[in-house]
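Reading through the structure tokens given below for one structure.
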Amino acid sequence: MTETKAAPTRERAPITARIARVRVASWATAALLVVAVVLAIALQPSLLSPYGIASTFATFLPLVLVAVAQAVVVIGGGLDLSAGAIVALSSVVAVQVMQGSDDRALLGFAVAIGTGLACGLVNGLIVSRLRLQPLIATFATASVFSGLALLVLPTPGGTVPAVLTGTFRQAVAGVPVSVLLVVAVALGWLVVRQLRIMRHIRATGGGPAAAFASLVPVAGAQLASYAFSGIVCGLAGLAVLGNAGSGDPFIGGDLALNSVAAVVIGGVALRGGIGSPIGAIAGAITLALASTILFAIGLPTSWRALASGLVVILALALSALGAPRRQR
Amino acid sequence: MRQRALGLAALATTALVVAGCSTVSNEPAPSGSEGEASAGPFTIGVSNGFVGSEYRTQMIADIEEAATEYQDEGLLEDLVLENADTDVNGQIQQIRNLINAGVDAIIVDPNSGSALDQVFQEATDQGIHVFAIDQAVTAESVINVGIDQALWAETSAQWLAEQVGEGASIVAVNGISGHPANEARWGAAEAVFEEAGVEVLTTADGGWDQATGQQQMANLLATYPDIDGVWTQDGMALGVLQALIAAEKQDEIVMSGEARNGFLRLWSEQGDDFESIGVVNPPGTGATALHIAMGMLQGQELDESQLQNGHDIVLELEEPVTAENFDEVWAEVQGEPDTYVLDSVLSADDVQQFFQ
């Protein structure tokens with residue numbers, strides 16, 4: 001509560017001062033990304049082969065999308081633990097609708113996005129109207145969405161249209177489609193962030209009371225952040241299908257927590273209001289590369305889980321270097 | 001602003017550096033064009049997306065043990081393990097890591113029967129042999145190596161149906177609803193009970209976990225105290241038996257068991273009235289697959305007539321543990337720890353039957 005009261009002064013601080021405060025975090029994010037890329041390539045030079053690049057970015061894409069979705073919710077002062085379940089639900093609904101037919105690929109796209117949006121609206125309404133804690137509310141809806149996914153597709157199966165899996169593995173002018181898609185996500189965000197609602201979301205996350213006093217529609221902004229997250233998770237569902245080529249109701253179970261880690265590594269403050277989805281994208285790539293690096297250095301598998309946990313903690317600690325400064 | 005610009009710059013450089021190089025290395029196009037049946041030494045990758053069960057631990061240990069023979073002979077350079085708890089998405093990354101590490105063959109215990117097909121295709125397109133163990137996959141370029149899960153379930157279901165007789169009512173403690181192995185097994189077992197006129201009152205999910213299985217059985221006993229039998233799968237039978245013992249019903253309610261030492265030990269401590277069955281689901285199929293992989297890498301070709309559905313190598317079931325052979329089997333394995341799963345690994349000579 002004290003934080004909320006302190007928020008107005010923070011928000012009114014001059015722009016330059018605000019940048020000075022977050023700079024450390026994003027330097028750390030950028031540095032971590034560069035270190036991860038250099039290490040991964042040094043240890044596994046085959047990552048630079050055409051297949052290496054295409055496959056690595058294809059692996060990034062679902063987490064990159066969910067990280068963007070998570071970043072928007074977190075910047076808006078919320079948290080979405082159901083992101084992975086939304087990805088699973090949208091993907092299985094899309095598989096059932098498409099039935100492997102190329103003609104229905106567009107319909108599948110629309111349905112995946114629609115499913116994501118619907119899930120996001122459910123989360124948004126619960127958090128903004130019923131005012132339940134986002135952590136618990138989305139933990140519960142995650143269970144609901146996973147349950148629905150199991151009803152929609154009781155056993156793994158179904159075929160993804162060849163046009164989707166095929167395009168996902170092609171290259172345009174030598175650049176793999178998966179790379180283009182990751183870049184497109186970043187560019188897409190640069191467009192979306194111009195929207196007024198994104199300013200409202202940021203203001204709400206920075207301090208709901210102050211935002212409300214400044215005539216920001218706080219509840220609407222919260223709802224919008226979850227709805228946006230749902231749509232992007234729907235897209236992630238399609239990315240998952242592109243990778244998998246088939247539906248599975250249990251897909252994406254790790255995505256929700258990994259996206260939270262990616263968001264924090266990306267310099268987004270969990271208390272809301274601070275950070276950018278671009279940072280979250282960098283965080284997602286760093287996180288995905290971390291597992292490739294741990295694999296490439298040939299660490300015994302029994303140590304892998306421990307090490308990947310330590311890497312995440314290290315990355316979080318580095319990204320949070322700026323935090324004490326903000327307190328002063 | 002600066003923060004965003006920085007993030008963007010880092011991203012863009014990553015993308016550009018990586019993409020820039022792609023055009024350079026695009027020309028050699030390494031995929032698929034590698035030499036056939038070279039003399040080795042080879043590298044084999046293993047991908048497993050679920051750790052912490054005795055079955056999977058023993059499976060990996062069996063593979064490592066089988067690999068040492070080839071490593072000593074200089075035929076196998078490296079056995080690369082990707083062995084961590086993950087979801088389908090994470091296992092796709094595991095497989096891609098193995099492909100990028102340049103392995104010649106991949107042995108995978110898949111988390112999904114179909115959702116890894118595209119990434120398997122990526123591997124086989126580059127001339128990598130892929131073998132799925134424990135759980136069959138639909139990708140036709142992948143060789144499935146394992147027992148027939150439906151037959152495995154039918155064997156114990158048949159036994160249980162005979163024990164309880166027509167008109168009896170039973171319950172089932174299954175693995176995880178929707179999991180392909182569970183569906184294949186329960187689908188087969190359910191058909192057996194239907195044919196035998198045994199009524200299945202309800203099923204519960206025990207998650208292939210002893211503690212959950214025990215808890216579920218205790219709940220079922222409270223709701224259905226008058227059942228004649230219980231059918232369960234491996235990984236939960238010990239828990240189910242403990243629940244029966246706690247309710248002092250182990251001599252009234254007939255249960256199907258498991259071929260694992262913890263269960264067999266408890267079985268050995270029961271009175272003569274207690275009877276059960278343990279059908280072996282050997283973790284050693286991974287090691288068997290390694291022998292097949294090494295054969296294929298050295299230029300041997302599979303005998304098509306030995307394959308079912310064009311890409312399945314179905315291993316024969318071992319004789320199940322029953323009251324008749326219990327003393328004999330138990331004498332053999334009782335020195336092993338409780339976590340030991342009764343096993344069978346085909347040797348390099350045994351797998352010759354699958355080759356031309």
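Each chain gets a letter, A, B and so on, in the order the sequences are listed, and its residues count up from 1.
- In terms of non-hydrogen atom pairs under 4.5 Å with chain A, the most contact-rich of B:E183, B:R96, B:Q94 is B:R96.
- For the residue pair B:D109 and B:Q135, no side-chain donor N or O sits within less than 3.5 Å of a side-chain acceptor on the partner.
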Item to check | Test log, rule side chain to side chain contact (heavy atoms under 4.5 Å, CB included), inputs B:N144 and B:N309 | outcome: CA-CA 10 Å; B:N144 291 312; B:N309 306 318; over 6 Å; no
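- Both the backbone and the side chain of B:L81 come within contact range of chain A, judged by heavy atoms closer than 4.5 Å.
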Show which side-chain atoms of residues 176-185 of chain A pair as donor or acceptor with protein atoms under 3.5 Å away, not counting sequence neighbours.
| residue | atom | partner | partner atom | Å |
| --- | --- | --- | --- | --- |
| A:S178 | OG | A:A54 | O | 2.8 |

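- Heavy atoms of B:V51 lying under 4.5 Å from chain A are absent altogether.
- Atom CD of residue B:Q93 and atom CZ of residue A:F60 lie 8.0 Å apart, to the nearest 0.5 angstrom.
- Contacts of A:P62 with chain B are made by side-chain atoms alone, with heavy-atom separations under 4.5 Å and no backbone atom involved.
- Identified under the side chain to side chain donor-acceptor pair (under 3.5 Å) test for residues 158-171 of chain A, with sequence neighbours left out: A:R169-B:E122.
- Here the side chains of B:I106 and B:I99 are in contact, with some heavy-atom distance below 4.5 Å.
- Options B:V88, B:N97, B:D78 differ in how many heavy-atom pairs under 4.5 Å they form with chain A, and the most are formed by B:N97.
- Note on B:A84, B:G113, B:S177, B:A101: by heavy-atom pairs under 4.5 Å with chain A, the leading option is B:A101.
- In this structure, chain B has a heavy atom under 4.5 Å from the side chain of A:L150, while its backbone stays farther away.
- Of the two parts of B:T86, the backbone and the side chain both hold a non-hydrogen atom closer than 4.5 Å to a non-hydrogen atom of chain A.
- What you find for B:M236 and B:D209 is that their closest heavy atoms are CG-N, 3.4 Å.
- With a threshold of 4.5 angstrom between heavy atoms, B:I60 does not approach chain A through any atom at all.
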